[in-house]
Amino acid sequence: MTDRLAQTDGLTDIQREILSTVRGFVDKEILPVATELEHRDEYPTQIVEGLKELGVFGLMIPEEYGGLGESLLTYALAVEEIARGWMSVSGIINTHFIVAYMLQQHGTQEQKDYFLPKMAAGDVRGAFSMSEPGLGSDVSAIRTKGVREGDAYVVNGQKMWLTNGGTSNLVAVLCRTDEGLPEDAPAHRSMTTFLIEKEPGFGPNPKVSGLTVPGKIEKMGYKGVDTTELILEDVRVPADRVLGGSTGKGFYQMMDGVEVGRVNVAARGCGVARRAFELGIAYAQQRHTFGKPIAEHQAVQFKLAEMATKVEAAHQMMVNAARKKDSGQRNDLEAGMAKYLAAEYCKEVVEDAFRIHGGYGFSKEYEIERLYREAPMLLIGEGTAEIQKMIIGRRLLEEYRIQG
Ligand SMILES: Cc1cc2nc3c(=O)[nH]c(=O)nc-3n(C[C@H](O)[C@H](O)[C@H](O)COP(=O)(O)OP(=O)(O)OC[C@H]3O[C@@H](n4cnc5c(N)ncnc54)[C@H](O)[C@@H]3O)c2cc1C
């Protein structure tokens, strides 16, 4: 099949080489096994090992720490390719990437020296934990709390929805700490990111007393990758494992992480939509009704036209958001728009490809069935559509404020 859609102008030779390697890996190692593994809800161990070898876990980590030092754009385009193969695999990389990015931007020198080389090799793999059972969008309502005792913080609380919660061995956990703050201080000033090293696995953690990962949450899609709760009962976190070395900065650190994470979720939406389009346009030429391929019925052709337009538009928005960040500019507006649009379009393109498959789309034998269960996660993760619109709306009013 040709690659007419979702092309990116102005890439360097190195970027093109990386992307072609990743695409080759996806075609050979991911696509042939993705649906089967997903149906079994099986962690893609072999795929992860292959991605480690390709250096994908260290794609954006600076070369001085053993990574490839690539841009957010390269990273996002790689994620788009991987999600085209299987969205869950991009989920395994995404939280790792957010934690590495937060360390790179906000970590102390000791934290960077200690974690980043291991993260670049994929030996330390990150999970990112803001959400709790009682909150997701409303981050300022976090209740998990760390209280200073000597040279450590004692943390108590419960976290929810940790992608890679079981398989990771480093979790960046956002908690409340209110050291030295007046009672009426705004909630976001009392937040701190703790870096908790743990053993991978489920149940009480053998390495960290009081830390439990109860088990995998059963999900409608996005299987293979583990999503978990995290229970913290008197967990002692050494003071030197406060991200950046001082408390009260966690909210900003996490929001910075989520902003680049949003470009990634947009990239995932682009990848899944692209695959759905490929499946839809192939099937439409094979299936005959009323004496001709269904692709020759105008109603189906119009669907294909709409799908392709959405694939193209979402890709260009995602690329724009990544390039904005790479140029050192604030990109919350573009990242919010790209995430919102790519997630919505992904859901619509997948649904159209599903309709084109007729009854077969409902059969587990066809890949589109998996995509249909995967797309909705993108509407929620890294901030729902409503949260994106709040960010977009606020920024627009800043940019277009009228005088007087
Ligand atoms: C598979 C999966 C993986 C995830 N992985 C992670 C992870 O790795 N780390 C992590 O920290 N979190 C993770 N999450 C959590 C995710 O970020 C939250 O689910 C998401 O932010 C929404 O929060 P919520 O589920 O609490 O919904 P709520 O915040 O309760 O929202 C419910 C509904 O109300 C709407 N709403 C809320 N506030 C407003 C408002 N002010 N105005 C208008 N509408 C509003 C929302 O848009 C939504 O439609 C994951 C979630 C899923 C499903």
Side-chain angles (χ1 to χ4, degrees), residues 38 41 43 79 83 86-102 125-144 157-176 187 191-196 198 213 215-232 243 250-251 253-262 264-266 268-269 272 335-336 339-340 343-344 346-347 370-371 373-394:
E38 202 267 355
D41 197 3
Y43 190 80
V79 165
W86 184 11
M87 194 180 95
S88 296
V89 179
S90 62
I92 291 171
I93 300 161
N94 195 32
T95 59
H96 173 86
F97 156 79
I98 294 177
V99 177
Y101 174 83
M102 282 167 43
R125 295 226 300 279
F128 162 85
S129 176
M130 286 200 303
S131 306
E132 295 186 359
L135 66 101
S137 309
D138 186 8
V139 177
S140 62
I142 276 178
R143 294 173 64 178
T144 299
Q158 189 175 350
K159 296 303 227 176
M160 184 71 188
W161 297 118
L162 280 82
T163 302
N164 299 313
T167 42
S168 58
N169 42 8
L170 170 65
V171 191
V173 188
L174 187 64
C175 298
R176 186 167 296 291
M191 292 206 193
T192 297
T193 310
F194 290 110
L195 301 167
I196 301 182
K198 67 175 185 67
V213 180
K216 288 202 298 192
I217 297 170
E218 291 289 323
K219 295 167 292 187
M220 70 184 273
Y222 195 44
K223 293 177 190 246
V225 57
D226 49 301
T227 308
T228 73
E229 295 171 55
L230 185 77
I231 297 166
L232 303 107
L243 179 63
F251 184 81
Q253 294 163 343
M254 287 269 168
M255 289 304 128
D256 192 20
V258 164
E259 209 170 277
V260 291
R262 279 183 186 140
N264 269 273
V265 175
R268 282 198 236 177
V272 174
K339 195 268 164 180
Y340 166 54
E344 298 293 328
C346 174
K347 183 199 66 164
R370 168 169 66 80
L371 271 52
R373 289 182 290 102
E374 286 174 343
M377 189 269 164
L378 300 172
L379 302 170
I380 307 292
E382 308 290 329
T384 64
E386 288 71 31
I387 296 303
Q388 306 309 320
K389 285 190 239 180
M390 280 163 61
I391 296 166
I392 296 166
R394 269 191 219 131

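These numbers come from a predicted model, not from an experiment. Start at 1 and go down the list; that is how both ligands and their atoms are numbered.
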Legend entry - Closest protein heavy atom to atom 9 (N) of ligand 1, given as residue, atom name and distance to 0.1 Å: Phe128 O, 2.8 Å
Inset, instruction - Look at atom 26 (O) of ligand 1 and find which of Gly136, Gly91, Gly383 reaches it with the closest heavy atom. - result: Gly136
Legend entry - From OG1 (Thr163) to CD (Glu382), nearest 0.5 Å: 8.0 Å
Inset, instruction - Indicate yes or no: at least one non-hydrogen side-chain atom of Phe97 is less than 4.5 angstrom from one of Val260. - result: yes
Inset, instruction - Kindly confirm or rule out an N or O of Ser131 lying under 3.5 angstrom from an N or O of ligand 1. - result: yes
Legend entry - atom 47 (O) of ligand 1 protein-contacted (non-hydrogen atom, under 4.0 angstrom): yes
Inset, instruction - Give yes if a backbone or side-chain nitrogen or oxygen of Lys219 is under 3.5 Å from a nitrogen or oxygen of ligand 1, and no if not. - result: no
Inset, instruction - Specify side chain, backbone, both or neither for Leu135, according to which of its non-hydrogen atoms lie closer than 4.0 Å to ligand 1. - result: backbone
Legend entry - Heavy-atom gap Lys159 to ligand 1 smaller than 4.0 Å: no
Legend entry - atom 2 (C) of ligand 1: the protein heavy-atom neighbour that sits closest, reported with distance to 0.1 Å: Met377 CE, 3.7 Å
Inset, instruction - List the closest protein heavy-atom neighbour of atom 39 (C) of ligand 1: residue, atom name, distance to the nearest 0.1 Å. - result: Ile387 CD1, 4.5 Å
Inset, instruction - Could you say whether the N/O atoms of Gly381 and ligand 1 ever approach to under 3.5 Å? - result: no
Inset, instruction - Would you mind checking which non-hydrogen protein atom is closest to atom 45 (C) of ligand 1, with the distance to 0.1 Å? - result: Glu386 CB, 4.2 Å
Inset, instruction - May I ask you to check if ligand 1 and Thr95 share an N or O to N or O distance below 3.5 Å? - result: no
Inset, instruction - Looking only at protein heavy atoms, identify the closest one to atom 3 (C) of ligand 1 and say how far it is in Å. - result: Thr163 OG1, 3.4 Å
Legend entry - Minimum heavy-atom distance Met255-Met130, with the two atoms named: CE-SD, 4.0 Å
Legend entry - atom 40 (C) of ligand 1: nearest protein contact (heavy atom, Å): Met390 SD, 3.9 Å
Legend entry - Nitrogen or oxygen of Thr227 less than 3.5 angstrom from that of ligand 1: no
Inset, instruction - Might you check, step by step, whether the distance between atom 30 (O) of ligand 1 and some protein heavy atom is under 4.0 Å? - result: no
Legend entry - Atom pair OG1 (Thr384) and NZ (Lys389), whose distance is rounded to the nearest 0.5 Å: 9.0 Å
Inset, instruction - Name the closest protein heavy atom to atom 28 (P) of ligand 1, giving the residue it belongs to and the distance to 0.1 Å. - result: Ser137 OG, 3.6 Å
Inset, instruction - Could you tell me whether some N/O pair between Met130 and ligand 1 is separated by less than 3.5 angstrom? - result: yes
Inset, instruction - Flag Ser129 as yes when one of its N or O atoms lies below 3.5 Å from any N or O atom of ligand 1, and as no otherwise. - result: no
Inset, instruction - Around atom 13 (C) of ligand 1, find the nearest protein heavy atom and jot down its residue, atom name and distance. - result: Trp161 O, 3.0 Å
